[in-house]
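Written out below as structure tokens is the structure these notes cover.
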Amino acid sequence: MLTAADAGDAAALLAAVPAGRRVALVDPRFVGHVHALRLGLTDPRFPAATVPGALTAQAEARPALVRALQRTTAAVGAGASAAEPEAGADAAPQTGAEPTTGQTVGQATGQSAAPAADPAAEDPTLPGRIAAALEAEGTPVHRPALGSLVAAVPADAEQEAAAVAGLTSVDDETVRLRSAVKAHDGFFTTFCISPYSRYVARWCARRGLTPNQVTTASLVTALVAAGAAATGTRGGYIAAGLLLLVSFVLDCTDGQLARYSLQYSTMGAWLDATFDRAKEYAFYAGLAIGAVRGGDDVWTLALGAMVLQSCRHVVDFSFNEANHDAVANTSPTAALSNKLDSVGWTVWARRMIVLPIGERWAMIAVLTALTTPRIVFYALLVGCSLAACYTTAGRLLRSLTRKARRTDRAAQALADLADSGPLAQAVAAVAPGLRGAFTVPAAALLGALVMVGSALFLPYGSWLTVAAAGVYVLLSGLAVARPLKGALDWLVPPVFRAAEYVTILVLAARSDVPHAVPAAFGLVSAVAYHHYDTVYRIRGGTGAPPGWLVRTIGGHEGRTALVAVLAAVLTHASGFTTALTALAVAVALVVLVESIRFWVSSSAPAVHDEGELA
């Protein structure tokens, strides 16, 4: 920590700090909680952040900070008292300091939220003035919500006494623990897990454990649970249910640890986003293997549950991306939902209806321990179907009653989520775009019905199914020939997902080829991973995976057509299982290698998933 005599001296000290380091300016008169400074100065997600009396800038915002400091110095005079930058929020003053004219400059970490209406007026200190100057030139400055935490620069003894009183009346460790818990979570997670998992998170933080280590422990525990379920014994099922609950506690703990210690990272975002699906689907596979050992083949049910869950998610993802930045984004349905939010019990009821991950995993764990895999999958299919109907109906009503105008960014996100390969893109390049309010989702739905219907009702292995795949390719290309800006165009990606996954499921189930359905389970898992990876890249603002990847793995229409051809060529032959397995391995290898390369690269977004309820 360095102390600057005035604003001009602060500018000189900042200029001497190596360019790649984070710096912070803190007014020496600062009075506040350590956690207030921690929130303002050590959150790694934001280029610049501020709380009253303190400001931080990461390497990318350093040039803008220097320019803002120079402009502010010119405005207030080089000899005006400055602030103090330091080596970290924890090193910041915890109680009031005697008013001085000094300032300090040093290295730190940090980020933030929405700006105040008039930031300079609310924080007239030098850090506050510089933050306003940064925003004036277009550099976003995060302002974390402090709640009951104190962060102030008293102008006189009376204000200092008030700040110190607020400081002593609030235990910032209690606030820190409370804020570690996600604000909006499911009923089971909120009332049955978070009351103690937050203390597990603090225990982990005090022992230097990272969120990524806890996430990995959660994955390992779930895989052990899947292995226990695969034994097919009652003892194995009981152990599997208990271990699945332990895995979920750790799954909650990793996010709470990240929020408690502000350890957000690109790798953490990737692990958190993908491991939940890997754990759940691995457990499905374990249950299916255990059931087969007990003489009950439920692989089709396991794959059906995975398909239904994945399609539910893509409905949520697609709708949210379509309306992420829509203009005039209001509807009577949304207004009704907002009114219901004021009635407490309806909030929890609506969160439970969608069968979020906490409720879903609790149901799976209890039913695994007490019943059979078949009953587990029946419950999953019924529960997820009801949840899907509820959420999809609500999104349809909002879309039909909303007078929103889709942006180019939203249309591109939907096109990326559609996952159109070279065949559909070739059709889209030469076909006229469909006109009409609902023709695009209607064309996608018609293509899906033709494809799934032919796989379901035509004789297995019929070349007419291959012809239906050709129709599906044609209609898929027509559906994406124009930007997806219609009111219901967000339905296109979910329809494509359902068409591909269900076609693979039906053809494998009808093949009567040994192990075809487990091979199809592997193929859908690999493809679903690619689709989830696409979602989280878009959420991070980096766009979809590179075009070469989509072309290499064929796009949804190419893979669907290929499976139809394989079913026709390898009718009633063990080669169909081999082909599905080879395709699954090829897709998984290409997708995983590119995904890992991206998420460990420096260009990956620093995103922490606060989570969808489902």
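Distance alone, capped at 3.5 Å, places no donor-acceptor pair between the Ser247 side chain and the Leu243 backbone. Arg293 contributes a side-chain N or O that, together with a main-chain N or O of Ala230, makes up a donor-acceptor pair within less than 3.5 Å. Checked by atom type and distance alone, the side chain of Arg537 never pairs as donor or acceptor with a backbone atom of Ala544 at under 3.5 Å. Of the possible polar contacts, none joining the Arg497 side chain to the Arg312 backbone as a donor-acceptor pair under 3.5 Å is found. Side-chain N or O atoms of Glu557 include one that pairs as donor or acceptor with a backbone N or O of Ala424 at under 3.5 Å. Remark: side-chain polar atoms of Ser318 are not paired, donor with acceptor, to backbone N or O of Val315 under 3.5 angstrom. A donor-acceptor pair under 3.5 Å links the side-chain atoms of Asp489 to the main chain of Gly486, judged by distance alone.
Within the 4.5 Å cutoff, the side chain of Ser310 has no heavy atoms near those of the His531 side chain. At least one side-chain heavy atom of Val527 sits less than 4.5 Å from a side-chain heavy atom of Tyr501. The closest side-chain heavy-atom distance from Leu580 to Phe576 is below 4.5 Å. Asn323 has its side chain out of reach of Arg398: every pair of non-hydrogen atoms, C-beta onward, lies at least 4.5 Å apart. Side-chain contact check for Val298 versus Leu287: every heavy-atom pair is 4.5 Å or farther apart. For the pair Ser595/Tyr529, a side-chain contact is recorded, criterion being any heavy-atom separation below 4.5 Å from C-beta on. Contact of the Lys182 side chain with the Thr190 side chain is not registered, since no non-hydrogen atoms from C-beta on lie closer than 4.5 Å. Taking the side chain as every heavy atom from C-beta outward, Val249 and Leu245 never approach each other to under 4.5 Å.
Because its NZ or CZ atom is not both nearer than 6.0 Å to the ring centre of Trp548 and within 45° of the ring axis, Arg551 does not count as a cation-pi partner of that residue.
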Review point. Could you walk me through whether Tyr390 and Leu386 pass the side chain to side chain contact (heavy atoms under 4.5 Å, CB included) check?
Key: CA-CA 6 Å; Tyr390 170 78; Leu386 293 174; over 6 Å; no
Exercise for review: Take Leu250 and Asp254 through the test side chain to side chain contact (heavy atoms under 4.5 Å, CB included) and record every step on the way to the result.
Suggested key: CA-CA 6 Å; Leu250 292 174; Asp254 65 358; over 6 Å; no
Exercise for review: Verify side chain to side chain contact (heavy atoms under 4.5 Å, CB included) between Val246 and Leu242, making sure each step is shown before the conclusion.
Suggested key: CA-CA 6 Å; Val246 172; Leu242 293 174; 5.6 Å; no
Check your understanding: Would Tyr472 and Val450 satisfy side chain to side chain contact (heavy atoms under 4.5 Å, CB included), going step by step from the backbone distance to the final call?
Key -> CA-CA 7 Å; Tyr472 176 64; Val450 168; 5.9 Å; no
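Look at Arg351 and Asp185 and you find no salt bridge, because none of the NZ, NE, NH1 or NH2 atoms lies under 4.0 Å from a carboxylate O. Using a cutoff of 4.0 Å between basic side-chain nitrogens and carboxylate oxygens, Lys279 and Asp251 are scored as salt-bridged. Salt bridge status for Glu321 with Arg409: present, with a side-chain N to carboxylate O gap under 4.0 Å. Using a 4.0 Å cut-off between charged side-chain N and carboxylate O, Asp408 and Lys485 make a salt bridge.
The aromatic rings of His556 and Phe496 sit parallel, their planes meeting at an angle under 30°, below the 60° perpendicular limit.
Aromatic rings of His313 and Tyr532 (six-membered ring for Trp) have centroids within the 6.0 Å cut-off, being under it. Aromatic pair Tyr284/Phe377: ring centres closer than 6.0 Å.
To the nearest 0.5 Å, atom OH of residue Tyr281 and atom CG of residue Leu303 are 10.5 Å apart. Interatomic distance, OG1 of Thr391 versus CG of Leu355, reported as 10.5 Å (0.5 Å rounding).
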